[in-house]
Amino acid sequence: MSVKRTTKKLRIYRSLAALGLAAAFAVMASPASAEISAETQYVLNSFSFLMTGALVMWMAAGFAMLESGLVRTKNTASICLKNIALYSIAGLMYYLIGYSLMYIDVGGLIGSFSLLYNPAPAELALINADEATPELVEAAVAGGYASMSDWFFQMVFVATAASIVSGTLAERIKVWPFLIFVVVLTGVIYPIQGAWSWGGGFLAELGFSDFAGSTTVHSVGGWAALTGVIILGARKGKYGPDGRVNPMPGANLPLATLGTFILWLGWFGFNGGSQLALGSALDAAAMAIVFVNTNLAAAAGVVAAMLAAQVLYKKVDLTFALNGALAGLVAITAGPDLQNHLLSIVIGGIGGGLVVISVPLLDKLRIDDVVGAIPVHLVAGIWGTLAVGIFGAGDLLAQIIGIAAVGAFVSLASALVWFALKLTVGIRVSEEVEDLGLDKAELGMEAYPEFGFGTQRL
Amino acid sequence: MSVKRTTKKLRIYRSLAALGLAAAFAVMASPASAEISAETQYVLNSFSFLMTGALVMWMAAGFAMLESGLVRTKNTASICLKNIALYSIAGLMYYLIGYSLMYIDVGGLIGSFSLLYNPAPAELALINADEATPELVEAAVAGGYASMSDWFFQMVFVATAASIVSGTLAERIKVWPFLIFVVVLTGVIYPIQGAWSWGGGFLAELGFSDFAGSTTVHSVGGWAALTGVIILGARKGKYGPDGRVNPMPGANLPLATLGTFILWLGWFGFNGGSQLALGSALDAAAMAIVFVNTNLAAAAGVVAAMLAAQVLYKKVDLTFALNGALAGLVAITAGPDLQNHLLSIVIGGIGGGLVVISVPLLDKLRIDDVVGAIPVHLVAGIWGTLAVGIFGAGDLLAQIIGIAAVGAFVSLASALVWFALKLTVGIRVSEEVEDLGLDKAELGMEAYPEFGFGTQRL
Amino acid sequence: MSVKRTTKKLRIYRSLAALGLAAAFAVMASPASAEISAETQYVLNSFSFLMTGALVMWMAAGFAMLESGLVRTKNTASICLKNIALYSIAGLMYYLIGYSLMYIDVGGLIGSFSLLYNPAPAELALINADEATPELVEAAVAGGYASMSDWFFQMVFVATAASIVSGTLAERIKVWPFLIFVVVLTGVIYPIQGAWSWGGGFLAELGFSDFAGSTTVHSVGGWAALTGVIILGARKGKYGPDGRVNPMPGANLPLATLGTFILWLGWFGFNGGSQLALGSALDAAAMAIVFVNTNLAAAAGVVAAMLAAQVLYKKVDLTFALNGALAGLVAITAGPDLQNHLLSIVIGGIGGGLVVISVPLLDKLRIDDVVGAIPVHLVAGIWGTLAVGIFGAGDLLAQIIGIAAVGAFVSLASALVWFALKLTVGIRVSEEVEDLGLDKAELGMEAYPEFGFGTQRL
């Protein structure tokens, strides 16, 4: 079942409840309701949102570790700070305004501007009642799932989009301006484009299909990162005047490996939870298919990236393998519900191969993406969204329109914010700070004070 | 629904079953039972305990990483050892005696001294029967949840209390005496005070409300740590004779960041699972609210700590951000069921701010808390418990009495144990060992033998 | 309920469904079906497979971190690469051929050679229908659980077996030949022996009992590793000509600690999920017992290993504590369903003690097991499998036959593959590469380029 259809179905249930037509629920419920009660469905749907949402939250740690491992020691504490701060800001902004912009009364282009978001009144009535009467239970259950379980699940997705940006721009962006960008990205930019597809806006009506967000989440982060890196510029010394590309290897590859495994685990929640329901055999069967496709695509991404690196560079390469896994995951995210598992291997494998090709290509364009987030999240995200059209689960033209619309809007909006920041507070640290490292200059601390070239005080 | 009420309700079910009055169950069950069968409720309640309990177990890894990252390299292996050992001891002691002291036949002050704890007989009868007859199922189901799923969930909480202590006392306490303290803390001290509130003892009767343990878990660890650090003394060289505080920065900040993310993830289990049930729409809706409040409070803690550090010290600081997250989490733990999400932002934010104020204050008092566990778990724990009284979900006087009673008991009991250990086996390593590092001296190994100032053998 | 019986029961349901005898399901279902509907059972069974399977997948990260922490810096990136690659290969091979060899139409010795594995037709019919009619739901539900949820759960187990091998052979095996071994191990060797027990083959008929795989998973990895290390030889310089054993300490013990905690968490999925069902009170009660035994055995393993090390070597030792936890976990894996929790403490404790004895014993035999995987997975795996026979839950003779049959087959098959690789592409790096480190030589990168004796470019 596509995200769109499911979202709509659940949303209709909720509206009916709000209108007091709870009785209509029994009729509209799937024929399985004879088998699995509405209250059981409600509990299972909610618990699925909470458990898979927790797995997605865990991806914030994955990005933090991946990026910590791929920057140099002198900027490691800063990237840790940015990651925990952006996850925090994303959650606060999505509560303040984001969720309603994306999901409440979406009229084609944008949702409502109602501030804050709170539990459904029928649920509060049930919780606060002296006794849980059948009427109170029925009214609450008519929502289909616990209102805040859905909010939680949607919230962790917006954080993912923001995480992508921090990696690309690492090692030279100022911490506070970066966080201001995150405020706008998570509170406004992400929710608006999300309203177009998942909120039921014009892309949804066009037939655009993006199960768990190759475009709606990953390419959004990718476009914001790409716009940012063009405006911000490359790290000092990364590109020589003679066209030489200076490697600036990550300081802690086991951490980067851990980050990738965390992301892989979290992706089962990301894609699996995007079934958006667990209240029927259909949902459980579909969710299981999603888990398997997700794993096979990631595995294929690893193997493809390793083989491509071996062929092209005569070396197996750990960072390509890691980014291959992530590219496979991003690529399958638009259509992990496809019923031919072999296809998910193909889609993920191509995603992994694309990374190996895209990384040097970006370097040729002097686009200095510290962790390879643009190849992984933007290139593979576009590929995965197209694949849904190519392999028949969606309409290719709608997919292309969706990719382009989201890309154009996010790039333009991001550019606006980046330029505004550049012209006011500035976005780039001074050359001295870049040499010294952001950790000492902006945070006054070191990530590894006793290791190697640290200050070596004991 | 408060912990107390839920615990009581479930306990009543169980007692009825034990009395053979299983038939009474159908009558007492919530009116929702028409919608969701008793057996389904039993399965969902149990699965919730197991999954959220596994998340809480994961917090042991979080403490281990947080503390590993915040000590110096020469004491890193020791803190790893202490963490895995204390989690192990906590589980064994809670099985041996702790659970029954806390939950079995609590008579105001203390539970029963029955050794070991085993599955409910009705469950074993069901499992061992040749056929699962409706009578056997009904008898087992009357317990409300799998007996050992509840045991598992309660067990992981006691380990959390012990984890708090190891961080504060790191870098100078002897490993075996520390572990003996853990034996008493987890087997006796924690369960006794736990009996007062969650076990249904005198604090519960007074109306003391502590949903998931700001006081019952976190302040317990905090008081034990505070008592310990006063008796143990500061690390050598930490405080100069002129009142100067010498920074002894943590050796691996990405690990500390990872630990914080692990704790944050685990806290969804800690608070969410403390709903203690998932067998109804009410429980699912309430659990979702708990998840959201937990996340918002932590996020607010991060942002508040960052802003406070920027204002007070003109630097953003990673360790303050990390401890801000944890303080936000501790603060919301007493009342994550509040129905106004904005309040959880306030409570968590104040928690984060308190950390930034408390850390230098402790240093002024020459209380050398290596990882900042006292500000996070004790100060924010007290704040969170008071907040439940202040914001109306509980009785403020009962909250104050609860905080004071637990504080007095845990401090006194801990002091007794610390002094007994000091006078017999000793609790502090020699100055030579402290200089050399506990890893080489007590364990005969190094955490990072090839890095920086390690012995540099290859 | 033993794995075997559960597997069979579920398999029978599925066969009946395949034969169109869905109606027979209602009759065969447990008497609890009056209490918990068949569709609810289906959803719960499937969700349990997915959530516990995700925890087992997480063990791949655990092995990666454990092994990263226990090798030297110069081989760290390589071990990371091997771990993510082997997990990927395991998933692909199990999809391609492994699952059908192990579970489809097993005729005593081996399953079917059908390539690829796809969702049950009844599930696809339900998902693709315009309307979920009761007939479609009933047909899908007759399978007992989502077909791909079971596949996912079984798949993550084969990866575990492969992970064990990489640790033992670290620091001198070539990356590609190692991965070719993984292809055969996960696609052929593991599934064939798995068919004998879990697939319902001759060991199952004999009464061999291995709840979650002390033998079927852990000893398989152990035998493959033992065979490999004998053929591969010890690391250069590990054993002096005078019988001296040169310590080659792991480079990053906090990572090894993290890996152990990850494995411990994952093991709740490994053992708990092996109940293979969650659709009844019986299953929930049994799964809770499994969780508790798993935790107690691990805890006992830690404490026993620490005490044994203190007594034998006069030092507490972190790596023994970590491997003690793992040995306790491996030991309980054959029988975590035992109903006397005290016994699980005994079984896990003996497992932990065996590690402390086995490690120096292997060194005496000049078997250079880098991470101690053979003591943990093979020795404790055999012990745990025997324990099921000794403590009455199984037939001791059948247990011995199972251990021996699996050991003989895996050793012979592995030896064949290792020799074939040795004679063709070679399995061992040159002495120069071993000195330089595999990271620089095979991958052209360093795990920690800025730390300690790294190349120290900045």
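Letters A, B, ... mirror the listed sequences (proteins, then strands); counts begin at 1.
For the pair Leu44(B) and Leu44(A), the minimum side-chain heavy-atom distance is below 4.5 Å. In this structure, Trp264(B) and Ser88(A) have side chains that are in contact, with non-hydrogen atoms separated by less than 4.5 Å. No side-chain heavy atom of Met155(A) sits less than 4.5 Å from a side-chain heavy atom of Val292(B). In this structure, the side chains of Leu92(A) and Ile345(B) come closer than 4.5 Å at one or more pairs of heavy atoms. Counting heavy atoms from C-beta outward, Leu282(B) and Val137(A) have side chains that stay 4.5 Å or more apart. Side-chain atoms of Leu124(A) and Ile289(B), non-hydrogen and from C-beta on, do get closer than 4.5 Å to each other. Between Leu258(B) and Leu258(A) the shortest side-chain heavy-atom distance falls below 4.5 Å. At least one side-chain heavy atom of Ile84(A) sits under 4.5 Å from a side-chain heavy atom of Thr260(B).
To the nearest 0.5 Å, atoms CG (Asn252(B)) and CZ (Phe451(A)) are separated by 5.0 Å. In this structure, CZ on Phe47(B) lies 6.0 Å from CZ on Phe47(A), to the nearest 0.5 angstrom. Taken from CH2 in Trp58(A) to CH2 in Trp58(B), the straight-line distance is 5.0 Å, to the nearest 0.5 Å. Atom CH2 in Trp151(A) sits 4.5 Å away from atom CG in Leu296(B) (nearest 0.5 Å). The CE atom of Met57(A) lies 11.5 Å from the CH2 atom of Trp267(B); values are rounded to the nearest 0.5 Å. One finds the CG atom of Asn83(A) at 10.5 Å from the CG atom of Leu318(B) (value rounded to the nearest 0.5 Å).
Minimum heavy-atom separation, Ala441(A) to Lys315(B): O-NZ, 3.1 Å. Heavy atoms only, all atoms of each residue included: Gln339(B) and Ile127(A) are closest at NE2-CG2, 3.6 Å. Nearest heavy atoms, Tyr95(A) versus Leu342(B): OH-N, 3.4 Å. The two atoms that bring Glu446(A) and Leu253(B) nearest to each other are O-CD1, 3.3 Å, heavy atoms only. Across Phe291(B) and Met51(A), no two heavy atoms sit closer than the pair CZ-CE, 4.1 Å.
The choice from Leu278(B), Leu55(B), Thr319(B) that makes the most heavy-atom pairs within less than 4.5 Å of chain A is Leu278(B). Contact count versus chain B (heavy atoms, under 4.5 Å) is highest, among Ala90(A), Ala60(A), Ala54(A), for Ala60(A). Per-residue counts of heavy-atom pairs under 4.5 Å with chain A were compared for Ala298(B), Pro254(B), Gly324(B); the largest is that of Pro254(B). Considering only heavy-atom pairs separated by less than 4.5 Å from chain B, the leading option among Val175(A), Leu96(A), Asn128(A) is Asn128(A). For the set Thr257(B), Val316(B), Val302(B), Leu322(B), the count of heavy-atom pairs under 4.5 angstrom toward chain A peaks at Val316(B). Counting heavy-atom pairs under 4.5 Å between each of Ala140(A), Pro119(A), Ser149(A), Ala129(A) and chain B puts Pro119(A) at the top. Of the listed residues (Val156(A), Leu136(A), Leu81(A)), the greatest number of heavy-atom pairs within a distance under 4.5 Å of chain B belongs to Leu81(A). The greatest number of non-hydrogen atom pairs below 4.5 Å with chain B, out of Ser68(A), Gly53(A), Ala77(A), Ser46(A), is found for Ala77(A).
Near-neighbour residues of residues 346-353 of chain B relative to chain A, defined by a heavy atom under 4.5 Å from a heavy atom of that chain, are none.
Checked by atom type and distance alone, the side chain of Glu450(A) pairs as donor or acceptor with a backbone atom of Thr73(B) at under 3.5 Å.
Heavy atoms closer than 4.5 Å to chain B are found in the side chain of Leu179(A), but not in its backbone. Neither the backbone nor the side chain of Ala251(A) comes within less than 4.5 Å of any heavy atom in chain B. If you measure heavy-atom distances from Ala64(A) to chain B, the contacts under 4.5 Å come from the side chain alone. Using a 4.5 Å cut-off between heavy atoms, Asp317(B) contacts chain A through both its backbone and its side chain. Using a 4.5 Å cut-off between heavy atoms, Leu116(A) touches chain B through its side chain atoms alone. Contact of Thr40(A) with chain B is made through backbone and side chain together, with heavy-atom distances under 4.5 Å. Both the backbone and the side chain of Val43(A) come within contact range of chain B, each with at least one heavy atom under 4.5 Å from a heavy atom of that chain. With a 4.5 Å cut-off on non-hydrogen atoms, Leu255(A) touches chain B through its side chain but not through its backbone. Only the side chain of Ile262(A) comes within less than 4.5 Å of a heavy atom of chain B; its backbone N, CA, C and O stay farther away.
The six-membered or imidazole ring of Phe268(B) lies near that of Phe152(A), with a centre-to-centre distance under 6.0 Å.
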